[in-house]
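A quick write-up on the structure given underneath.
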Amino acid sequence: MKTTFLDFEQSVAELENKIEELRYVQDDSAVDISVEISHLEKKSLELTKNIYAKLTPWQISQVSRHPQRPYTYDYISGLFTDFQELHGDRAFADDLAIVGGLARFNGQSVMVIGHQKGRDTKEKIARNFGMPRPEGYRKALRLMKLAEKFNIPVITFVDTPGAYPGIGAEERGQSEAIGRNLFEMAQLKVPVICTIIGEGGSGGALAIAVGDVVQMLQYSTYSVISPEGCATILWKTAERASDAAEALGITATRLKTLGLIDKVVPEPIGGAHRDPQAMMATMKKSIADSLKVLKAKSVDELLESRFDRLMEHGKFKEEAAA
Amino acid sequence: MSWLQKLLPPKIKSRTTPNTSAVPEGLWSKCSACSAVLYRSDLENNLEVCPKCNFHNAVPARARLNQLLDVEGRYEIGSEVKPVDVLKFKANKRYSDQLTASAASTGEDDAMVVMQGSILSVPVVVAAFEYKFIGGSMGSVVGERFVRGVKVAIENDLPFICVSASGGARMMEGLNSLMQMAKTNAILTKLADKKLPFISLLTDPTMGGVSASFAFIGDVVMAEPGALIGFAGPRVIEQTVRETLPEGFQRSEFLLEKGAIDMIVDRRELRQRLADVLTLLNNQAAVN
């Protein structure tokens with residue numbers, strides 16, 4: 001599949017086009033231009049490295065939404081075996097914006113849950129662009145409680161612009177569904193590992209992201225409001241999104257510095273989609289490491305450290321009352 | 001309570017909210033719903049509910065606590081917790097300036113006031129949102145005061161009540177604010193472990209990150225009449241679905257019909273209803 005390049009990667013795109021042309025020429029050419037090709041390939045890699053070394057928060061936001069970025073299903077097939085998808089919330093519907101089921105991770109049973117976006121137009125609509133309705137969150141909770149019952153660790157993948165702001169979603173209690181998940185995940189008696197793989201869109205992301213380890217991919221974002229939404233409120237125009245992205249502090253490295261996430265998982269040069277296999281290998285190791293640490297803890301220890309971690313969130317000062 | 005404590009003045013003196021409207025505080029007030037011209041003092045005596053049309057006007061946090069709690073034995077919790085501008089957030093205004101300006105106009109230093117006290121002699125801890133403080137938005141201070149309030153409830157075996165009036169999470173503290181949703185709900189699990197009641201009272205408006213965290217986790221969820229309550233704002237929904245919203249959408253009455261809340265309570269009956277529900281939950285004799 002041909003790589004889709006973002007606006008700020010146009011210089012790389014031009015080089016890659018040139019390389020493509022040369023390869024085409026070489027096929028029926030007597031002159032050997034492979035040296036030239038490998039030279040250009042090197043140059044393209046260097047250029048990508050340079051661009052990615054100084055991405056702005058807004059550019060990272062665009063990488064996090066890259067149409068070829070690996071989604072939850074890609075991680076499921078890349079990291080797990082024997083996936084048995086489980087459907088529905090048992091009350092209203094099966095929300096395709098959140099998928100989940102049983103699987104094996106390094107031979108051991110786990111419950112995998114994640115937001116799922118679509119690849120083509122038809123699938124995007126079916127999956128509502130990864131924006132869950134209440135039944136999606138209730139399905140996620142049902143699977144988590146099932147995992148708890150059978151003492152199976154929960155692994156979640158977060159990638160959503162946000163919970164869906166629709167009429168039906170409100171009628172069926174979007175707020176209650178999200179709040180309930182926060183309440184239950186804070187006390188779920190099994191290890192919970194959460195990874196932001198793309199967009200961590202506000203409450204819709206948090207509703208499956210309360211756990212013992214919360215990690216972010218290097219070029220993912222996690223925010224209280226989308227940069228566009230923030231810009232619309234503050235500057236009355238979505239065009240200031242890049243300023244908003246800067247102000248909100250939504251990148252993995254910034255959030256790690258602020259102590260709001262536990263780990264940054266490095267991505268291949270040019271982002272996860274440029275080398276999905278390398279991405280899978282890094283992710284597999286990262287989850288395996290976390291799981292090993294968490295499985296060594298007793299349930300009480302696990303819940304206590306999860307609770308303490310949640311209580312640490314927030315920055316304020318204390319002054320003696322007047 | 002000892003006779004000595006009864007003689008002492010309450011620890012917390014009620015602050016009068018500075019008048020922020022352009023019109024000087026007068027004798028008269030016009031109802032924003034039915035345009036009836038009312039005596040200001042009549043409105044106040046009627047708990048800011050219009051005697052003509054029953055419209056429930058907004059109530060500042062401290063006034064709300066004054067309305068709800070018995071006069072004696074009130075203690076403020078968490079007032080030592082103060083906001084900081086951790087992100088050095090700046091758009092067209094600096095967040096730090098906004099904090100100062102909101103403090104000046106509301107007389108509060110953040111969007112929540114928490115007090116221990118009693119309602120018709122039933123001991124409680126009550127948290128109330130100050131909507132006029134940056135839209136009652138929940139940032140680190142609101143989250144921490146909420147937590148400290150619940151902790152006092154747990155230590156003293158008391159029910160916890162939260163009166164919500166909020167636009168949602170506070171943007172200017174970034175992800176810290178989002179995490180307050182998880183933090184507040186985590187402390188509520190401890191309250192639940194001790195089988196202490198959590199009553200959530202939703203008032204106009206309860207939206208976004210506050211609605212989608214503890215607002216619906218109440219053992220009993222009450223709402224004032226006509227309050228706007230929901231996850232996404234009506235304008236955002238309208239722009240997303242490109243449909244006209246149904247009549248009364250996201251109002252208390254709509255939520256009651258959809259099964260999202262237990263009851264709608266007129267503000268003038270609130271003290272009695274809260275006391276009734278709490279004594280019933282605790283298997284105690286009725287109070288009035």
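These numbers come from a predicted model, not from an experiment. Chain letters run A, B, ... following the sequence lines, proteins first, then strands; residues in each count from 1.
Shown here is B:Lys90, whose NZ atom has no more than 12 heavy atoms of other residues, nucleotides or ligands within 6.0 Å.
In this structure, chain A has no heavy atom under 4.5 Å from any part of B:Ala215. Only the side chain of A:Phe307 comes within less than 4.5 Å of a heavy atom in chain B; its backbone stays farther off. In this structure, chain B has a heavy atom under 4.5 Å from the backbone of A:Ser223, while its side chain stays farther away. Contact annotation for A:Arg254: only side-chain heavy atoms (C-beta onward) come within less than 4.5 Å of a heavy atom of chain B. With a 4.5 Å cut-off on non-hydrogen atoms, A:Leu255 touches chain B through its side chain but not through its backbone. Only the side chain of A:Leu258 comes within contact range of chain B, judged by heavy atoms closer than 4.5 Å. At a 4.5 Å heavy-atom cutoff, the contact between A:Leu234 and chain B is made by backbone and side-chain atoms alike. Of the two parts of A:Ala163, the backbone and the side chain both hold a non-hydrogen atom closer than 4.5 Å to a non-hydrogen atom of chain B. B:Glu243 touches chain A through its side chain: at least one heavy atom from C-beta onward sits under 4.5 Å away, while N, CA, C and O do not.
Checked against the 6.0 Å centroid criterion, the rings of A:Tyr164 and A:Phe129 do not qualify as a close aromatic pair. For B:Phe160 and B:Phe146, the ring centers sit closer than 6.0 Å to each other.
Comment: A:Lys189 does not engage A:Glu184 in a salt bridge, judged by the lack of any side-chain N to carboxylate O separation of less than 4.0 angstrom. Under 4.0 Å is where a charged nitrogen must lie from a carboxylate oxygen, and between A:Lys117 and A:Glu123 no such pair does. Salt bridge A:Glu148/A:Arg142: absent, no basic N to carboxylate O contact under 4.0 Å.
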Review point. Given the rule in the salt bridge (Lys or Arg N to Asp or Glu O under 4.0 Å) test, do A:Glu176 and A:Arg138 qualify, once you have shown the distances and angles that lead to the verdict?
Key: CA-CA 10 Å; A:Glu176 193 274 346; A:Arg138 289 178 182 138; 3.0 Å; yes

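The greatest number of non-hydrogen atom pairs below 4.5 Å with chain B, out of A:Asp243, A:Ile233, A:Leu248, A:Ile250, is found for A:Leu248. Among the candidates A:Ala177, A:Ala205, A:Ser175, A:Gly179, the residue making the largest number of heavy-atom pairs closer than 4.5 Å to chain B is A:Ser175.
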